[in-house]
Amino acid sequence: MSTDEKALLLEANRINYRLRSTFFYRKLKEYNTLSFPQIIVELLSVEHLYSWDERKEWGIGEDAFSYIITHPELNLLQVFCHPKLLREHPRLLAYYRNIAVLSQKSVSYLAKIDVKKKENDVYNTIPLEPDQAIKLSILFNEHITLIIDSSIQSFTERELYGLLLTSTGAQIDGSWRNAIGEEAEKVVQRLLVNEAKERNVLGAFISRVGTSVEQFNLNKLEEQVSNIHKYRGILLINQTSILFSSEPDISLIAVNGTTVSVIEVKGGADPAGALERYGAAKKSFGEARRLSPDVPTILVASCITPEVHTRISQDTLITSYYNLTELLSENSISYHQFMNEVFSLLGIV
DNA sequence: AAATGTAAAGCCGCGACCTA
DNA sequence: TAGGTCGCGGCTTTACATTT
């Protein structure tokens, strides 16, 4: 790797990790994680209105139960999930799930229940069915019982909140991984739209909702480009179009509706993940080639290791490759190469 | 038949670990 | 040490089912 490339990579990493820091902070607020303990404390005033007689059926271990009930600062509602409470306040699903250190994905695997919608349901419009409340309580309580038992009579309130936060951190991390890929796709989409405008070939935007189109209007362009997620593509004045989707991320569509080329964007910058992203791109391109055997495929990736580079250059599945970081630097050679390739595939010189 | 709801599969990757 | 491999997170799309 040249010193230039090293500097480029370093700068890209610096930007990415700065974004990651603020992303975590933003998500922590968005998930309302810190408000849960307060909500629980408020509920403690009605704790006597909840019976724990059936605790055995709810997955609560007897040792853990007696430990909590005799603990000076921990309360039952704080630690164990009560099915009635869960039905009354479905949003607290997120609290008990994280106390039990279960991911949304794990709950969907283990209890076959999609908790995401219910956790985000601020207005309590989605009811939680009785059997679901029981099922979830059992799962959560079994896990928190495991944790308390493993602590050997030393579990504290601070540790309880520690669990809440670490589990939430894992969730935010997963969300971040999505955001990386999404953002990289959008970056390339915006580049294409702007270039289309520069070349005076931008005809209209295709809206994601319904079938509406928005005629190209210079005054609205800036807003449209910053809200690129609202659009599923653009129409060009030579009656071709560029479509944004997933798998492939971007498709170039000919006058007759056939796909002239597919573009896959990989935003991840971690060298350790280079081969994996290469594999993912191959998978996407494989599908495109299956549908039309000779279609040119273009890979845009942030980080390619030497090993992956040699594989790409020998791989007929990938027609051409561009470095995303290079593409983004002002007036770079690869930017022009990329744009020339894309627009000539669309019949624009 | 159209609209809406739900489950499954696929996509977005990272960090830890391990090896050449 | 670089980077290949593994396992895991969330989110979106797709396929299928159900309701209107």
Side-chain angles (χ1 to χ4, degrees), chain A residues 1 5-6 9-10 12-13 16-17 19-21 23-24 26-28 30-31 33 93-94 97-98 100-121 125-129 131-132 135 163 165-189 208-211 229-230 232-233 243-251 262-288 290 299-312 324:
Chain A
M1 204 188 289
E5 285 171 324
K6 272 185 189 165
L9 188 60
L10 179 63
N13 280 330
N16 286 343
Y17 285 111
L19 287 171
R20 189 173 189 267
S21 298
F23 183 87
F24 265 63
R26 204 169 68 240
K27 280 287 177 181
L28 182 65
E30 193 181 306
Y31 292 156
T33 308
L93 259 174
R97 179 176 62 75
N98 283 316
V101 198
L102 285 155
S103 66
Q104 295 179 346
K105 205 169 189 167
S106 67
V107 173
S108 81
Y109 285 158
L110 297 172
K112 315 275 183 217
I113 295 168
D114 175 19
V115 293
K116 187 177 147 37
K117 270 182 288 182
K118 298 179 172 67
E119 287 179 8
N120 294 334
D121 182 23
T125 54
I126 305 169
L128 189 64
E129 301 305 326
D131 60 318
Q132 293 185 320
K135 226 171 166 179
L163 293 176
L165 296 179
T166 47
S167 179
T168 302
Q171 181 172 348
I172 297 175
D173 180 56
S175 187
W176 168 248
R177 294 172 192 211
N178 275 322
I180 291 168
E182 227 171 79
E183 193 50 37
E185 286 164 32
K186 284 188 203 152
V187 163
V188 177
Q189 290 168 2
R208 274 194 191 276
V209 286
T211 51
H229 65 276
K230 285 189 188 168
R232 62 180 322 270
L243 287 186
F244 311 143
S245 58
S246 73
E247 200 70 352
D249 294 323
I250 299 167
S251 306
V262 295
I263 304 172
E264 189 67 29
V265 181
K266 295 291 166 201
D270 180 12
L275 201 71
E276 162 203 73
R277 293 190 294 274
Y278 165 64
K282 272 175 75 83
K283 201 169 86 179
S284 172
F285 289 156
E287 177 62 13
R290 195 180 63 79
L299 174 62
V300 179
S302 293
C303 176
I304 293 294
T305 58
E307 167 67 18
V308 175
H309 198 280
T310 53
R311 290 204 207 175
I312 286 178
L324 180 57

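- Residues forming a side-chain hydrogen bond (donor to acceptor under 3.5 Å, both in side chains) with Ser103(A) (at least two apart in sequence, or on another chain): Ser106(A).
- In this entry the distance linking CD of Glu264(A) with C1' of dG13(B) reads 13 Å, nearest Å.
- Shown here are the side-chain hydrogen bond (donor to acceptor under 3.5 Å, both in side chains) partners of Gln132(A), two or more places apart in sequence or in another chain: there are none.
- Of all heavy-atom pairs between Ser167(A) and Asn98(A), the closest is OG-OD1, 2.6 Å.
- Closest non-hydrogen pair, Tyr31(A) versus Thr168(A), comes out as CD1-CG2, 4.0 Å.
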Review item, nucleotides 8-11 of chain C N/O atoms under 3.5 Å of protein N/O:
residue: dG9(C); atom: OP1; partner: Ser103(A); partner atom: OG; Å: 3.3
residue: dG9(C); atom: N7; partner: Lys105(A); partner atom: NZ; Å: 3.4
residue: dG9(C); atom: N2; partner: Gly174(A); partner atom: O; Å: 3.4
residue: dG10(C); atom: OP1; partner: Gln104(A); partner atom: N; Å: 3.2
residue: dG10(C); atom: OP2; partner: Gln104(A); partner atom: N; Å: 3.4
residue: dG10(C); atom: OP2; partner: Lys105(A); partner atom: N; Å: 3.0
residue: dG10(C); atom: N7; partner: Lys105(A); partner atom: NZ; Å: 3.4
residue: dG10(C); atom: O6; partner: Lys105(A); partner atom: NZ; Å: 2.6
residue: dG10(C); atom: N2; partner: Asn178(A); partner atom: OD1; Å: 2.4
residue: dG10(C); atom: N2; partner: Asn178(A); partner atom: ND2; Å: 3.4
residue: dG10(C); atom: N3; partner: Asn178(A); partner atom: OD1; Å: 3.3
residue: dG10(C); atom: N3; partner: Asn178(A); partner atom: ND2; Å: 2.7
residue: dC11(C); atom: OP2; partner: Lys116(A); partner atom: NZ; Å: 3.3
residue: dC11(C); atom: O4'; partner: Asn178(A); partner atom: ND2; Å: 2.7

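- Between Leu102(A) atom CG and Leu93(A) atom CG the span is 11.5 Å, to the nearest 0.5 Å.
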